[in-house]
Amino acid sequence: MHLLAAQPGGISDGAEAVDLGQTPGDVVVLSAADSDLASLAVARDLLCEKGESPPSLRLANFMNLSHNLSVDLYVGSVIEEAKLVIVRLLGGRGYWPYGVEELASTARRKNVALAFLPGDDQPDAELAALSTLAPEATHRLWQYCVQGGVENAANFLRFAASLIGRDDSWREPAPLLRAGLYWPGADQPTLDDLREAWQPEQPVAALLFYRALVQAADTAPVDALVAALAERGLNPLPIYAASLKEPVAAATVDEVLRATPPDVVVNATGFALSVPGEDRADTPFDFADCPVLQVAFSGGTREAWQEGCAGLSARDLAMSVVLPEVDGRLFTRAVSFKERTRRDEATQCDLVAHEPVVDRVAFCADLTRAWVELRRSPASERRIALVLANYPNRDGRLGNGVGLDTPAGTVNVMRALKDAGYAMESLPEDGAALVAQICAGPTNDFHDLPNRSISETISLDEYSAFFATLPGA
C-alpha cells in the first residue's frame with residue numbers, strides 16, 4: 001500500500017495512509033480540535049520559560065489518522081512507547097472507531113495509561129469505560145480541557161507528569177468566566193491591573209473578542225491590537241465574552257464598560273443582537289454613545305484570501321460584515337487569518353492559529369484613533385460626506401436603491417445632522433429638490449454636460465499625483 005508523508009498543516013481525508021513522522025514521547029495527546037493542540041503547545045513553552053521541565057510531549061490531530069494503516073503505523077511507532085496517552089474525542093467512539101479500538105487494545109497490552117475524554121462538556125460513559133486511567137484522574141484531565149485557557153493547559157501538563165511518576169505540583173482546574181478582562185501575559189487580571197499599564201488621561205478603547213480564543217491560547221491578533229492601540233495613545237480595555245447574546249456574558253461586559261466608559265469600541269465578536277427588519281435591539285455598548293468598530297479574525301487562510309476574487313469567505317462576510325451592520329457597527333477589515341503551516345518542533349505538531357497581519361492591524365489602530373479624535377471634536381467642525389450612487393447612462397438612476405427612496409432618506413439624514421449641531425447650509429426641501437440640485441452639476445448623463453454647472457474641480461497635477469500612488473493592479 002502507498003504511504004504518504006504528512007504535509008505540514010494539512011488534514012488527511014483518509015483516502016491514503018499517512019505517516020506523521022513523529023518520534024516517541026512520554027505523553028501523547030490526540031484531538032480533532034486545533035485549539036486543544038495549540039493551547040497545550042503554548043502551555044508547554046510557558047512551563048519551560050518558568051524553568052520547569054515538562055515531560056516529552058507529542059501532539060497530533062487524529063483526523064490525520066483516518067486510514068487504518070495510519071493508525072497502525074502511529075500506534076506501533078508512538079503509542080506503544082508512550083507512558084500516557086490522552087485522546088479528546090468529539091462525537092464519541094463512533095467518530096474514530098478503529099483508532100479507539102487499537103489504542104484501547106494497545107494500552108492494555110503494553111500497560112500504557114490511557115484516557116479518552118469527551119470533546120465537549122457532556123460526559124461519555126462508553127469512553128470512560130475504555131480508559132485505563134482512574135476515573136478521578138480522567139475526569140480532572142477532562143475538566144482542564146472544558147475550562148480551557150493557558151493556565152489550565154499548564155496544569156493539565158503538570159498533572160499528566162504526576163500521572164507518569166514525576167513529582168510535579170499541580171492545581172485543580174480553574175473555571176474560566178463566561179466573560180472577563182484580559183491582558184497579554186497576565187492571568188485573570190483586574191481592572192486595576194489594566195489601569196497600571198495605561199497612560200494617564202488617555203482615551204479608553206474597549207476591545208471585545210470571543211472567550212474561545214482565551215481557552216485555546218489563540219490570542220495573537222488580540223495581543224497585536226492591544227499593542228497597536230497603546231502605541232497610538234489609547235488605553236486598551238480587552239474583554240473576552242462567550243457571546244454577546246448570552247445574558248451573563250453580556251451583563252459582565254456592560255458592567256466593565258460602565259466602570260470605565262470607552263471612547264470607542266473595537267469588536268471582534270460576530271453576528272448581531274438585532275434582527276434584520278425588526279426594531280433595533282439593545283447592546284452593551286449603547287450607553288457609551290461611541291463608535292463601535294468591527295474587525296474580523298478570519299477563519300480562512302491568508303493565501304486563500306489573497307488568491308480569491310471575492311474577498312472574505314461567505315461565512316466571514318456573514319459573521320463579521322453583514323450582520324454586525326444591523327447593530328450599527330462600522331466595519332474596518334480583517335486583521336488576521338488562520339495559518340496551518342506553523343511547525344512546533346518540541347511537540348512535532350503542525351499548529352493552527354490566528355496570525356495577525358501587521359499592516360492591517362496598524363490600519364485598524366489608526367482608524368480607531370481617528371474615530372476617537374472625531375468623537376472629541378465639536379459637531380460643527382466635523383466634515384461629513386454623504387455619497388450616493390451615480391449609475392451610468394441616465395440621471396433616473398442617481399441614488400438608486402431597490403425598494404428605497406434614497407433621496408428622501410438622504411434629506412432626513414441631513415436634517416438629523418443639522419439638529420445634532422452639524423454645520424448645514426441650504427437644506428433641500430425634499431428628495432426631488434435634492435435630485436434637482438445634484439443634476440444641476442455633472443453626472444453620468446454626458447449628453448447634457450455642456451449645460452451643467454461645474455462648481456468643483458481638481459487640477460490635472462493633483463489627480464496625476466494621486467493616481468501615481470495607486471497599486472499597479
Is the closest side-chain heavy-atom distance between [X] and [Y] below 4.5 Å?
X: N267; Y: L293; answer: no
X: L117; Y: L127; answer: no
X: L59; Y: L40; answer: yes
X: R58; Y: T347; answer: no
X: R88; Y: L30; answer: no
X: R171; Y: E151; answer: yes
X: D448; Y: N451; answer: yes
X: V295; Y: F209; answer: no

With distance as the sole test, does [X] use its side chain to make a donor-acceptor pair with the main-chain N or O of [Y] at under 3.5 Å?
X: T260; Y: L257; value: no
X: R44; Y: L57; value: no
X: R232; Y: A228; value: yes
X: R302; Y: K338; value: no
X: W96; Y: L65; value: yes
X: N412; Y: G409; value: no

So, [X] and [Y]: side-chain donor and acceptor under 3.5 Å apart, yes or no?
X: T252; Y: E255; result: no
X: R397; Y: N400; result: no
X: R452; Y: T443; result: yes
X: N152; Y: Q147; result: no
X: S39; Y: D36; result: no
X: T219; Y: Y182; result: yes

statement: By salt bridge (charged side-chain N to carboxylate O under 4.0 Å, His left out), R360 pairs with (sequence neighbours left out) none

- request: For D192, enumerate each residue passing the salt bridge (charged side-chain N to carboxylate O under 4.0 Å, His left out) test, keeping only those at least two apart in sequence or located in another chain.
  value: R195

Between [X] and [Y], is there a side-chain N and carboxylate O pair less than 4.0 Å apart?
X: R329; Y: E325; value: no
X: D327; Y: R280; value: no
X: R333; Y: D366; value: no
X: E172; Y: R140; value: yes
X: D445; Y: R394; value: no
X: R178; Y: E246; value: yes

message: Under the criterion side chain to side chain donor-acceptor pair (under 3.5 Å), I'd like the reasoning laid out for Q202 against N235: C-alpha separation, chi angles, the key distance, then a yes or no.
response: CA-CA 6 Å; Q202 292 302 307; N235 288 328; over 6 Å; no

message: Are more than 12 heavy atoms, taken from residues, nucleotides or ligands other than Q199, located less than 6.0 Å from that residue's CD atom?
response: yes

query: Should we count CG of D359 as having more than 12 external heavy atoms under 6.0 Å?
result: yes

field: Within 45° cone and under 6.0 Å: R258 NZ/CZ vs F287 ring
entry: yes

- prompt: Can the ring centres of Y210 and F297 be said to be less than 6.0 Å apart?
  reply: no

- request: Apply the test side chain to side chain donor-acceptor pair (under 3.5 Å) to residues T283 and D286: give CA-CA distance (whole Å), side-chain angles for both, the deciding distance (0.1 Å), then the verdict.
  value: CA-CA 6 Å; T283 79; D286 292 343; 2.8 Å; yes

